[in-house]
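In this text the structure is predicted, and so the values were computed from the model without any measurement. For this chain, numbers begin at 1 and follow the sequence in order.
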Amino acid sequence: MALSTGIKAPSFQAETNGGKHFDLNEQLGKWIVLYFYPKDNTPGCTTEACDFRDNMERITSLGVSVFGVSPDSVKSHDKFVENKNLNFTLIADSDKHICELYNIYGEKKLYGKTFLGVTRTTYIINPEGEIAYVFDKVKVKGHVDSVIEKLQELQNTK
């Protein structure tokens with residue numbers, strides 16, 4: 001079960017593609033889209049990442065930064081960014097600490113089998129560092145458009 005809106009987004013630090021360091025607290029003061037996905041270079045995750053890439057101008061025009069998080073390594077993220085020409089940062093969560101903080105790692109079912117994994121979830125975090133909106137159990141098709149619409153709605157109510 002994803003975290004609730006209105007609470008402070010759990011802070012964390014991690015490595016990103018390109019071997020950079022990410023600290024959520026350093027991002028406060030602007031809107032953030034923090035999206036969690038299961039695995040680099042898989043069909044659904046590639047589609048979602050490319051949709052964010054292709055709509056980045058629409059998103060950044062709203063003053064929003066996008067960060068993707070998965071349990072993949074920095075090396076895997078580097079290849080994914082390079083292969084798909086991604087224009088945003090991917091955060092490595094190899095130990096699943098961030099996924100657990102955001103309560104999106106747990107039991108899943110697929111084709112009748114139960115396993116542990118990441119539930120595709122997107123958080124919109126406001127400039128004060130609070131979770132403003134949660135998209136849980138995300139369906140990839142149309143998701144980025146929904147995120148942009150929700151960002152516009154949230155920003156217009158401020």
Side-chain angles (χ1 to χ4, degrees), residues 2-3 5 9-10 12-94 96 98-99 101-105 108 110 117-158:
L3 299 179
T5 59
F12 64 89
Q13 298 178 357
E15 266 193 284
T16 70
N17 61 291
K20 295 192 174 98
H21 180 77
F22 178 90
D23 183 338
L24 184 66
N25 290 330
E26 291 174 1
Q27 302 300 318
L28 299 182
K30 61 185 169 197
W31 288 88
I32 298 165
V33 169
L34 189 66
Y35 87 94
F36 290 85
Y37 65 98
K39 188 148 183 59
D40 291 343
N41 291 302
T42 56
C45 298
T46 297
T47 298
E48 185 176 26
C50 290
D51 283 351
F52 273 112
R53 176 199 67 204
D54 296 345
N55 286 282
M56 195 54 59
E57 198 172 299
R58 292 172 63 203
I59 296 167
T60 56
S61 73
L62 299 171
V64 178
S65 295
V66 174
F67 301 96
V69 182
S70 83
D72 294 299
S73 67
V74 169
K75 188 176 178 181
S76 176
H77 283 342
D78 285 341
K79 286 180 186 169
F80 193 34
V81 166
E82 187 178 333
N83 291 344
K84 300 301 174 192
N85 199 26
L86 301 181
N87 52 5
F88 55 91
T89 300
L90 297 181
I91 299 168
D93 187 26
S94 302
K96 301 171 192 72
I98 304 163
C99 290
L101 274 178
Y102 281 79
N103 211 24
I104 54 88
Y105 186 80
K108 295 172 66 171
L110 185 66
V118 172
T119 301
R120 195 181 303 276
T121 306
T122 299
Y123 290 94
I124 296 177
I125 301 171
N126 70 19
E128 292 76 41
E130 297 164 346
I131 296 172
Y133 197 80
V134 181
F135 295 88
D136 60 348
K137 297 180 183 156
V138 168
K139 301 289 182 239
V140 172
K141 188 170 176 53
H143 176 59
V144 172
D145 285 333
S146 298
V147 169
I148 292 168
E149 287 169 20
K150 184 51 74 174
L151 281 163
Q152 290 169 329
E153 180 185 313
L154 289 166
Q155 289 179 345
N156 287 334
T157 59
K158 281 258 164 209

Could you tabulate the donor-acceptor pairs under 3.5 Å formed by side-chain atoms of residues 33-40, not counting sequence neighbours?
from	atom 1	to	atom 2	distance (Å)
Tyr37	OH	Asp40	OD1	2.5
Lys39	NZ	Asp72	OD1	3.4
Asp40	OD1	His77	ND1	3.3
Asp40	OD2	Ser76	OG	2.8
Asp40	OD2	His77	N	3.3
Asp40	OD2	His77	ND1	2.8

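- The two residues Val74 and Gly18 come nearest to each other via the heavy atoms CG1-N, 4.5 Å.
- Side-chain contact between Val69 and Tyr123 is absent, with no heavy atoms from C-beta onward closer than 4.5 Å.
- Looking at Gln155, its side chain does come within 3.5 Å of a backbone N or O of Leu62 through a donor-acceptor pair.
- Shortest non-hydrogen contact noted between Ala132 and Leu154 is CB-CD1, 4.0 Å.
- Listed by first and then second residue, the side chain to side chain donor-acceptor pair (under 3.5 Å) pairs that reach into residues 41-51 are Glu48-Arg120, sequence neighbours excluded.
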What side-chain donor-acceptor pairs closer than 3.5 Å can you find for residues 137-147, not counting sequence neighbours?
from	atom 1	to	atom 2	distance (Å)
His143	NE2	Thr122	OG1	2.8
Asp145	OD1	Arg58	NH1	2.9
Ser146	OG	Gly142	O	3.2

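- Note that OG of Ser61 is 11.0 Å distant from CE of Met56, once rounded to the nearest 0.5 Å.
- Here CD1 of Ile148 is found 4.5 Å from CD1 of Ile59. Values are rounded to the nearest 0.5 Å.
- To the nearest 0.5 Å, atom CG of residue Leu86 and atom CG of residue Asp78 are 11.0 Å apart.
- Closest approach of Ser73 and Ala92 over heavy atoms only: C-CB, 4.1 Å.
- Under the 3.5 Å distance criterion, the side-chain polar atoms of Asp136 are left unmatched by any main-chain donor or acceptor of Thr121.
- At least one side-chain heavy atom of Val118 sits less than 4.5 Å from a side-chain heavy atom of Pro71.
- Note: Ile131 CD1 to Ile124 CD1 = 11.0 Å, rounded to the nearest 0.5 Å.
- More than 12 heavy-atom neighbours from other residues, nucleotides or ligands sit within 6.0 angstrom of NZ on Lys108.
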Show me the donor-acceptor pairs, under 3.5 Å and distance only, between side chains in residues 22-29 and residues at least two apart or in other chains.
from	atom 1	to	atom 2	distance (Å)
Asp23	OD1	Asn25	N	2.9
Asp23	OD2	Gln13	NE2	3.0
Gln27	OE1	Lys30	NZ	3.1

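- Using a 4.5 Å cut-off on side-chain heavy atoms (C-beta onward), Asn126 and Trp31 make contact.
- Glu153 and Lys150 are joined by a salt bridge, as a carboxylate oxygen and a charged side-chain nitrogen come within less than 4.0 angstrom of each other.
- Evaluation of the ring pair (Phe, Tyr, Trp, His ring centres under 6.0 Å) rule for Tyr133 yields Phe135 as partners, not counting sequence neighbours.
- For Tyr102 (side chain) and Leu3 (main-chain N/O), no donor-acceptor pair under 3.5 Å exists by modelled atom type.
- Atom CG of Asp54 is separated from atom CG of Asn87 by 8.0 Å, given to the nearest 0.5 angstrom.
- Remark: Tyr105 engages no residue in a ring pair (Phe, Tyr, Trp, His ring centres under 6.0 Å) (not counting sequence neighbours).
- If you take NE2 on His21 and CD1 on Ile91, they are separated by 10.5 Å, rounding to the nearest 0.5 Å.
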